[in-house]
Amino acid sequence: QIQLVESGGGLVQAGDSVRLSCVASGLPWDRGAMGWFRQDPGKERVLVAAFTWYGGHTHYSDSVKARCTISRDDAKNTAYLQLDSLKPEDTSIYYCAIAFRPYPRSVPTDPGDYIIWGQGTQVTVAS
């Protein structure tokens, strides 16, 4: 079964850190790009961070780049998103997604480039 499964969300306090995990199964892992997106109610999904396997590119949105780390463990087919110094405005549903094209020059930032999506994990930051 092809799937991405996120975990690690929950209710946290402002200033805390959260580490989200995304485990892939049934699909090629080390090709294309992996991205973490967030989606707020009534809004479109926006890219938070992403990386490409080919070329080793990474991308962070301006709102998180100083306090966010995207990483992966290829042996476990798992990607991670760590967010530090959380703010109430970080509250959202976070999704991981995979794109399968090579993307040799840069990270794909359009959600439409990503083919497989997880179910999302809710992060709620209390002030």
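- In summary, K76 and D74 do not engage in a salt bridge, as defined by a charged side-chain N under 4.0 Å from a carboxylate O.
- No continuous path of hydrophobic side-chain contacts links M34 to Y80 [ILVMFWY only; heavy atoms under 4.5 Å].
- In this structure, the side chains of E6 and Y95 come closer than 4.5 Å at one or more pairs of heavy atoms.
- In this structure the side chain of Y94 reaches within 4.5 angstrom of the side chain of R38, judged on heavy atoms.
- Distance check, rounded to the nearest 0.5 Å: CG of D40 to CD1 of I93 gives 8.5 Å.
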Step by step, work out the side chain to side chain contact (heavy atoms under 4.5 Å, CB included) result for T124 and V12.
CA-CA 6 Å; T124 301; V12 296; over 6 Å; no
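- Each salt bridge (Lys or Arg N to Asp or Glu O under 4.0 Å) pair with one or both residues in residues 80-94, not counting sequence neighbours, appears once here: R67-D90.
- Here the CD1 atom belonging to I115 is positioned 7.5 Å from the CZ atom belonging to F100, to the nearest 0.5 angstrom.
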For a side chain to side chain contact (heavy atoms under 4.5 Å, CB included) check, start with the C-alpha distance between Q119 and V5, then their side-chain angles and the critical distance, and finish with the verdict.
CA-CA 7 Å; Q119 83 289 350; V5 179; 4.3 Å; yes
List the steps and the verdict of side chain to side chain contact (heavy atoms under 4.5 Å, CB included) for Q122 and T91.
CA-CA 8 Å; Q122 174 74 47; T91 295; 3.9 Å; yes
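- Side-chain contact check for Q13 versus V125: every heavy-atom pair is 4.5 Å or farther apart.
- The side-chain heavy atoms of V123 and S92, taken from C-beta on, include no pair separated by under 4.5 Å.
- Looking at L20 and Q82, their side chains never come closer than 4.5 Å, going by heavy atoms from C-beta outward.
- Using a 4.5 Å cut-off on side-chain heavy atoms (C-beta onward), Y60 and I70 make contact.
- Cation-pi geometry between R45 and F37 is not satisfied (NZ or CZ under 6.0 Å from the ring centre, within 45° of the ring normal).
- What you find for P108 and T52 is that their closest heavy atoms are CD-CG2, 4.0 Å.
- The two atoms that bring A99 and Y114 nearest to each other are N-CD2, 3.6 Å, heavy atoms only.
- Minimum heavy-atom separation, A97 to L4: CA-CD1, 3.7 Å.
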side-chain hydrogen bond (donor to acceptor under 3.5 Å, both in side chains), that's the test. Do S61 and S63 meet it? Break it down for me.
CA-CA 5 Å; S61 68; S63 63; 3.2 Å; yes
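- With hydrogens and angles disregarded, a donor-acceptor distance shorter than 3.5 Å links the side chain of H57 to the backbone of P104.
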